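Only this structure's heavy atoms are used, side chains among them; waters, hydrogens and symmetry mates stay out. Remember, it's a predicted structure, so these values are computed and weren't measured experimentally.
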Amino acid sequence: MTELPETTQRKLGLVIDLDTCVGCHACVVACKGWNTENYGVPLSDVDAYGADPVGSFLNRVHSYEIAPTGGGCSQTVHFPKSCLHCDTAPCVTVCPTGASYKRSEDGIVLVDESACIGCGLCAWACPYGARELDQVAGVMKKCTLCVDRIYNENLEEVDRVPACVRTCPAGARHFGDLGDPDSDVSKLVAERGGFDLMPEQGTAPTNKYLPPRPKDRLTAQAADSSSLTPIAEEPKGFLGWLDMALEAL
Amino acid sequence: MHPAPSVIIFTVLSGLGLGMLAFLGIGVLDVQGVAAFMPFAIAFTFTITGLIASTFHLDNPQRAWRAFSQWKTSWLSREAWLSAATLSVMGIFAINNIFRGITISVLGWLGAGLAMATVVSTAMIYTQLKTVPRWNHWITPIHMLTLSLAGGAILMQHTSAALVLLTCAGLAQLAHWRIGDRQFAARGHSMETATGLGDRGSVRMFEPPHTGSNYLLKEMVYVVGRRHALKLRCIAFVTIVLLPFLIVVALPGGTLTTCFAITIFGLGTFTSRWLFFAEAEHVVALYYGKRDG
Ligand code: SF4
Ligand code: SF4
Ligand code: SF4
């Protein structure tokens with residue numbers, strides 16, 4: 001089971017647009033909601049209303065600030081992160097029980113919770129922090145790419161995408177087959193220069209990230225305020241009197 | 001990485017036991033019958049106590065038998081097989097020695113080989129992880145193997161072997177610290193490569209994804225005690241190498257001296273193993289801005 005398939009027929013995954021993500025965490029909540037009620041044990045929370053709450057999540061949104069090399073304004077980037085369904089997934093090969101596996105049909109990396117001993121080694125092997133050992137059930141939780149939605153014929157066609165993709169109000173998350181060069185997601189990656197996270201780890205992630213577009217810069221013309229012609233003139237008549245009266249108060 | 005007591009106890013005790021079993025296997029102590037009982041009992045006690053401690057690290061130990069299934073890819077699975085094989089082979093060897101008074105040396109050598117292979121497989125669980133650059137180097141198995149053999153030699157009261165192996169273990173320990181300290185930077189991991197945003201400028205954390213802690217931070221971004229790392233390294237080195245060396249050389253051989261030497265050596269190994277985890281940095285810390293790239 002923990003031998004990786006040589007090739008997978010499809011490479012289903014996510015493309016995350018760092019330019020568009022507004023950091024609202026809606027995807028985090030949608031993910032937690034769906035995956036608490038469906039595949040595997042619920043995503044537990046411990047001390048949820050206490051002083052030191054901890055919980056399991058399959059998707060988390062970091063926020064970073066880039067100080068541009070050439071100087072100028074800093075740029076804030078919201079950065080959602082979940083399992084990247086790597087091609088050469090190190091988390092799978094280290095698993096002693098065969099609980100962790102990568103599907104040959106679509107490349108999704110899953111955990112069979114009934115075989116997981118909770119050793120945590122797979123979480124150590126993942127560079128991205130995409131696996132969390134559930135603190136109540138003691139089994140490994142990770143993004144399933146909503147395997148129980150995307151093929152689910154009981155759902156409306158429009159809902160057969162991962163919960164995070166369906167919910168994102170900014171359209172920052174795209175789902176599709178990254179193994180097919182003609183798919184929408186592959187085209188998007190090619191067009192926008194999608195990249196891998198920590199490529200030096202050699203994990204060959206399926207999920208891609210689209211870079212934030214450079215910030216608009218003040219042009220010389222815009223910076224020259226004399227080019228702005230006033231559009232409102234000094235008020236006259238009644239408004240002029242009101243203005244003076246208010247000023248005097 | 002979080003220095004979990006179960007894993008520290010496991011690696012230290014089973015390391016000592018397996019080191020001693022290797023010496024018993026190659027027939028360093030040429031005794032049979034009742035006289036052979038104590039040495040075997042000690043070696044098996046250390047090894048088995050360690051292995052039992054390891055199951056406390058599992059959240060669902062009732063399924064531990066499944067860990068035998070993935071030996072083709074998983075070092076943890078290989079370790080399960082090798083430790084079971086070592087215990088079986090050395091068990092038969094010991095029974096023949098103690099109860100029948102015969103030494104089946106082929107079996108002994110096989111058992112010794114398996115014992116060492118078990119130590120190496122334990123080390124490989126850590127060595128294989130590219131995500132923890134400090135461990136991801138061939139010096140890690142050498143470090144664990146030399147400590148295991150040095151402990152075995154002390155327990156066997158074999159003075160010359162103990163002195164040579166203590167020296168080797170000391171050198172390997174120093175090398176592990178020296179190489180380890182440079183590994184993270186040498187691999188070129190940074191917040192910029194982690195986020196892929198490095199071509200625009202330097203990246204820093206603006207807001208973490210959660211206000212509280214989580215499994216990742218507790219398990220893989222363990223920062224407690226790094227402040228005292230240097231002091232602890234000194235303590236570890238003195239108690240692993242210098243003191244046991246002096247005790248073995250200076251005190252008259254005997255049970256009392258051995259107990260004294262192994263206690264000191266054991267404490268040193270525990271300290272070293274605690275640091276092995278506490279000082280190890282996982283690349284996921286970069287996503288949390290918990291490491292200066
Ligand atoms: S992101 Fe982590 S958990 Fe997901 S496949 Fe890659 S290594 Fe495994
Ligand atoms: S925690 Fe579970 S899935 Fe992960 S390596 Fe251990 S047994 Fe496999
Ligand atoms: S829901 Fe969309 S916009 Fe909101 S944090 Fe998630 S990816 Fe970003």
Side-chain angles (χ1 to χ4, degrees), chain A residues 1-3 18 23 28 52-57 60-70 75-77 79 81 90 92-99 114-121 123-129 132-133 135 137-139 195-202 209 211-212 214, chain B residues 1 57-80 125-126 128-132 187-189 191 193-216 218-220 282-284 286-289:
Chain A
M1 284 278 255
T2 55
E3 280 172 281
L18 297 179
V28 178
D52 194 15
V54 281
S56 314
F57 287 81
R60 295 190 183 261
V61 181
H62 297 243
S63 298
Y64 300 107
E65 198 167 51
I66 313 173
T69 329
Q75 189 169 5
T76 309
V77 179
F79 195 96
K81 186 163 59 57
V92 169
T93 49
V94 298
C95 174
T97 65
S114 67
C116 174
I117 53 176
C119 64
L121 190 55
W124 289 12
C126 170
Y128 310 109
E132 300 187 14
L133 192 69
Q135 303 293 281
V139 293
F195 59 83
D196 289 346
L197 303 187
M198 241 190 270
E200 70 275 17
Q201 282 277 328
Y209 283 75
Chain B
M1 306 294 286
H57 189 242
L58 307 180
D59 276 1
N60 279 293
Q62 75 283 8
R63 303 199 266 258
W65 59 272
R66 287 181 187 271
F68 286 95
S69 67
Q70 304 301 314
W71 51 272
K72 275 193 194 158
T73 67
S74 167
W75 279 105
L76 185 47
S77 187
R78 289 172 197 158
E79 183 203 41
I125 294 171
Y126 307 104
Q128 68 178 341
L129 296 172
K130 273 195 198 161
T131 47
V132 186
R187 290 292 167 82
H189 304 307
M191 276 185 87
T193 67
T195 58
L197 298 170
D199 55 344
R200 280 135 207 283
S202 60
V203 180
R204 68 182 186 91
M205 191 84 206
F206 177 63
E207 261 177 350
H210 40 96
T211 48
S213 190
N214 72 346
Y215 170 74
L216 299 172
K218 290 181 180 177
E219 183 75 5
M220 281 169 278
H282 193 286
V283 293
V284 77
L286 294 169
Y287 287 104
Y288 284 92

Chemist: Start with the C-alpha distance between B:L286 and B:H189, add both sets of side-chain angles, then the distance that settles side-chain contact (heavy atoms from CB on, under 4.5 Å), and finish with yes or no.
Modeler: CA-CA 8 Å; B:L286 294 169; B:H189 304 307; 3.8 Å; yes
Chemist: Shorter than 4.5 Å, heavy atoms on both sides: which option in A:C116, A:P90, A:G55 has the most such pairs with chain B?
Modeler: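 The answer is A:C116.
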Chemist: Quick one: what part of B:M220 sits under 4.5 Å from any heavy atom of chain A, side chain, backbone, both or neither?
Modeler: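 The answer is the side chain of B:M220.
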Chemist: Among A:P199, A:C126, A:S56, single out the residue with the greatest number of heavy-atom pairs under 4.5 Å to chain B.
Modeler: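 Of the options given, most contacts go to A:C126.
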Chemist: With respect to chain A, which residue among B:A80, B:G212, B:A194 yields the maximal number of heavy-atom pairs within a distance under 4.5 Å?
Modeler: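 Highest number of pairs under 4.5 Å: B:A194.
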Chemist: Quick check: does any side chain N or O of B:R63 sit under 3.5 Å from a backbone N or O of A:I117, one acting as donor and the other as acceptor?
Modeler: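 Not confirmed, B:R63 side chain does not pair with A:I117 backbone.
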Chemist: Pair A:L121, B:I125 - check side-chain contact (heavy atoms from CB on, under 4.5 Å), show working.
Modeler: CA-CA 9 Å; A:L121 190 55; B:I125 294 171; 3.8 Å; yes
Chemist: Given a strict heavy-atom distance threshold of 4.5 Å, which part of B:L129 is in contact with chain A: side chain, backbone, both, or neither?
Modeler: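 Answer is side chain: those atoms of B:L129 sit under 4.5 Å from chain A.
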Chemist: For atom NZ of B:K218, decide whether the heavy atoms of other residues, nucleotides or ligands shown that lie under 6.0 angstrom number more than 12.
Modeler: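 Correct, the count exceeds 12.
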Chemist: For A:E200, is there an ion pair with B:R187 - N to carboxylate O distance below 4.0 angstrom?
Modeler: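 Between A:E200 and B:R187 there is no salt bridge, as every charged N stays at least 4.0 Å from the carboxylate O atoms.
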Chemist: Heavy-atom cut-off 4.5 Å, strictly under: side chain, backbone, both or neither for A:Q201 against chain B?
Modeler: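 Both backbone and side chain.
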Chemist: What part of A:V61 is in contact with chain B, defined as an atom under 4.5 angstrom from a non-hydrogen atom: side chain, backbone, both or neither?
Modeler: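 For A:V61, backbone heavy atoms alone lie under 4.5 Å from chain B.
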Chemist: Does any backbone or side-chain atom of A:V28 lie under 4.5 Å from a heavy atom of chain B? Answer side chain, backbone, both or neither.
Modeler: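 The answer is neither part of A:V28.
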Chemist: Can the ring centres of B:Y288 and B:H282 be said to be less than 6.0 Å apart?
Modeler: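 Ring centroids of B:Y288 and B:H282 are no less than 6.0 Å from each other.
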Chemist: For B:E79, is it the side chain, the backbone, both or neither that has a heavy atom under 4.5 Å from a heavy atom of chain A?
Modeler: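 Neither part; nothing is under 4.5 Å.
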Chemist: So what's closer than 4.5 Å to chain B heavy atoms on A:S114: side chain, backbone, both or neither?
Modeler: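 Backbone of A:S114 only, per the 4.5 Å heavy-atom cut-off to chain B.
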Chemist: Is B:S69 reaching over with its side chain to a backbone N or O of B:R66, donor-acceptor style, under 3.5 angstrom?
Modeler: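 Looks like yes, one N/O pair under 3.5 Å.
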Chemist: Answer with side chain, backbone, both or neither: which region of A:P53 has an atom nearer than 4.5 Å to a non-hydrogen atom of chain B?
Modeler: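 Looking at A:P53, just its backbone touches chain B.
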Chemist: Under a 3.5 Å threshold, yes or no: a donor from one side chain and an acceptor from the other, between A:T2 and B:T73?
Modeler: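 Yes - a donor-acceptor pair under 3.5 Å links their side chains.
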Chemist: Under the 3.5 angstrom rule, does the side chain of B:R200 hit a backbone N or O of A:P212 as a donor-acceptor pair?
Modeler: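 Yes; at least one donor-acceptor contact below 3.5 Å.
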Chemist: Can you tell me if B:T195 uses its side chain to pair, donor with acceptor, with the backbone of B:M191 under 3.5 Å?
Modeler: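 Yes; judged by distance alone, with no hydrogens or angles, the pair exists.
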Chemist: Less than 4.5 Å to any heavy atom of chain B: does that hold for the side chain of A:Y64, its backbone, both, or neither?
Modeler: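 Both backbone and side chain.
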Chemist: Quick check on A:C95 against chain B: is it the side chain, the backbone, both or neither that has a heavy atom closer than 4.5 Å?
Modeler: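 Interface part for A:C95: backbone (N, CA, C, O).
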Chemist: Let's test your reading of the structure: which of B:L197, B:N214, B:N60 forms the most heavy-atom pairs below 4.5 Å with chain A?
Modeler: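 Going by pairs under 4.5 Å, I would pick B:N60.
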Chemist: Picking from A:C119, A:P214, A:P211, A:A115, which has the most non-hydrogen pairs under 4.5 angstrom with chain B?
Modeler: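 Sorted descending by pairs with chain B, the first entry is A:A115.
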Chemist: In terms of heavy-atom proximity below 4.5 Å to chain A, should B:H57 be classed as side chain, backbone, both, or neither?
Modeler: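 Answer is both: backbone and side chain atoms of B:H57 are under 4.5 Å from chain A.
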Chemist: Side chain, backbone, both or neither: which part of A:T76 has an atom under 4.5 Å from a heavy atom of chain B?
Modeler: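 Contact with chain B involves the side chain of A:T76 alone.
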Chemist: Is A:E132 salt-bridged to A:R60, going by a charged N under 4.0 Å from an acidic O?
Modeler: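 Yes.
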Chemist: Parallel, tilted or perpendicular: which describes the rings of A:F79 and A:H62, with under 30° parallel and over 60° perpendicular?
Modeler: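 The rings of A:F79 and A:H62 stand perpendicular, inter-plane angle above 60°.
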Chemist: For chain B, which of A:L18, A:V77, A:V54, A:L133 has the most heavy-atom pairs under 4.5 Å?
Modeler: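 Option with the greatest count: A:L133.
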Chemist: Among B:A64, B:S202, B:P208, which residue forms the greatest number of heavy-atom pairs with chain A at distances under 4.5 Å?
Modeler: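 With the most close heavy-atom pairs to chain A, the winner is B:S202.
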Chemist: Chain A heavy atoms under 4.5 Å from B:K130: which part of the residue, side chain, backbone, both or neither?
Modeler: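 Answer is both: backbone and side chain atoms of B:K130 are under 4.5 Å from chain A.
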